[in-house]
Participant: 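Let me give you the structure first, and then I'll get to my questions.
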Amino acid sequence: GAVVSQHPSWVICKSGTSVKIECRSLDFQATTMFWYRQFPKQSLMLMATSNEGSKATYEQGVEKDKFLINHASLTLSTLTVTSAHPEDSSFYICSARPGLSTDTQYFGPGTRLTVL
Amino acid sequence: SQKIEQNSEALNIQEGKTATLTCNYTNYSPAYLQWYRQDPGRGPVFLLLIRENEKEKRKERLKVTFDTTLKQSLFHITASQPADSATYLCVLLNDYKLSFGAGTTVTVRA
């Protein structure tokens, strides 16, 4: 089956530093990748949609200069949280959609970010 | 505004019983509806997809119904097992994006 990995699975950083999270599709090519954020006891909220080779599309209220997304290849997307603050602490989940599919997204295991 | 509402209470059931979860939505016209399972600290795992022209879908011990008139989906876990304990998410595809409900946490007691 289709597998999506994320790295790291958890990260703790100091306020003001930047953190990069990687999302990889291991056995398929992903034309489109999505980044979500989930706070405790809440639903996943879509942050941005990225298509390989083009700029990401951010949802309303998500700062694109703070959450930098790069989808440089068909198997890798990265999310960089710049100048992280404690309120950025959350569970970040990526998903990947195979090139020919409009229905199916495969989710990564998530990355727990804690900003001190 | 658009809303996806799931059973707000956690569901505790005895092993072997059927768990029934409800998903109601407003101001969406989804082409399809999906159900995912999420374990603590993990990403969602796809379970079932049901399209707007389908009334019912089954997969092993899982059954989903979809009523576009009532704007409601029911998710059933029959012959439940402790391994079924998880949070179950109702998800709509709207405008090529997935929108998630907050989930219902099911605990199956042995």
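All values below were derived from every heavy atom in this structure, side-chain atoms included, with hydrogens, water molecules and symmetry-related copies excluded.
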Participant: Out of curiosity, does A/V81 fall in the hydrophobic cluster containing A/F91 (side-chain heavy atoms, cut-off under 4.5 Å, transitive links)?
Facilitator: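 Different hydrophobic clusters.
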
Participant: What's the separation between atom CD in A/Q105 and atom CZ in B/F46, rounded to the nearest 0.5 Å?
Facilitator: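 The CZ atom of B/F46 is 11.0 Å from CD of A/Q105, to the nearest 0.5 Å.
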
Participant: Are more than 12 heavy atoms, taken from residues, nucleotides or ligands other than A/H85, located less than 6.0 Å from that residue's NE2 atom?
Facilitator: yes

Participant: Sort A/Q38 into side chain, backbone, both or neither according to what part of it lies under 4.5 angstrom from a heavy atom of chain B.
Facilitator: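 Contact with chain B is through the side chain of A/Q38 alone.
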
Participant: Start with the C-alpha gap between B/L98 and A/F107, add the side-chain angles, then the distance that decides, and say whether side chain to side chain contact (heavy atoms under 4.5 Å, CB included) holds.
Facilitator: CA-CA 12 Å; B/L98 297 185; A/F107 285 82; 4.1 Å; yes

Participant: Could you state whether A/V11 and A/F67 fall into the same hydrophobic cluster, counting links through intermediate Ile, Leu, Val, Met, Phe, Trp or Tyr residues with side-chain heavy atoms under 4.5 angstrom apart?
Facilitator: yes

Participant: Does any heavy atom of chain A fall under 4.5 Å from the side chain of B/I4, the backbone, both, or neither of them?
Facilitator: neither

Participant: Going only through I, L, V, M, F, W and Y residues with side-chain contacts under 4.5 Å, is there a path from B/Y28 to B/L74?
Facilitator: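 No, because B/Y28 and B/L74 fall into different hydrophobic clusters, even though each may have its own neighbours under 4.5 Å.
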
Participant: Give, for atom NZ of A/K41 and atom OG1 of B/T87, the distance between the pair rounded to the nearest 0.5 Å.
Facilitator: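 Between atom NZ of A/K41 and atom OG1 of B/T87 there are 7.0 Å.
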
Participant: Can you tell me if B/E60 has over 12 outside heavy atoms packed within less than 6.0 Å of its CD?
Facilitator: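 No, because the 6.0 Å sphere around CD of B/E60 holds 12 heavy atoms or fewer from other groups.
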
Participant: Quick one: do B/L62 and B/I13 end up in the same hydrophobic cluster if we chain Ile, Leu, Val, Met, Phe, Trp and Tyr together by side-chain heavy atoms under 4.5 Å apart?
Facilitator: yes

Participant: Of the backbone (N, CA, C, O) and the side chain (C-beta and beyond), which part of A/Y36 lies under 4.5 Å from a heavy atom of chain B, both, or neither?
Facilitator: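 Contact with chain B involves the side chain of A/Y36 alone.
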
Participant: Examine whether an atom of B/Q38 lies under 4.5 Å from a heavy atom of chain A, and if so say whether it belongs to the side chain, the backbone or both; otherwise answer neither.
Facilitator: side chain

Participant: Indicate if A/Y106 and B/F100 have the same hydrophobic cluster label, given that clusters are the connected sets of ILVMFWY residues with side-chain heavy-atom separations under 4.5 angstrom.
Facilitator: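 Shared cluster, no.
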
Participant: Could you look at A/L44 and say if it's the side chain, the backbone, both or neither that has a heavy atom under 4.5 Å from chain B?
Facilitator: both

Participant: Can you see which heavy atom on B/G101 is nearest to which on A/S43, and at what distance?
Facilitator: O-CB, 3.1 Å

Participant: Quick one: OG1 on A/T32 to NZ on B/K97, what's the gap to the nearest 0.5 Å?
Facilitator: 12.5 Å

Participant: In Å and rounded to the nearest 0.5 Å, what is the OH to OG distance from B/Y36 to A/S95?
Facilitator: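 Result: 7.5 Å between the selected atoms.
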
Participant: Can you tell me which of B/G41, B/G103, B/A31 forms the most heavy-atom pairs within a distance under 4.5 Å of chain A?
Facilitator: B/G41

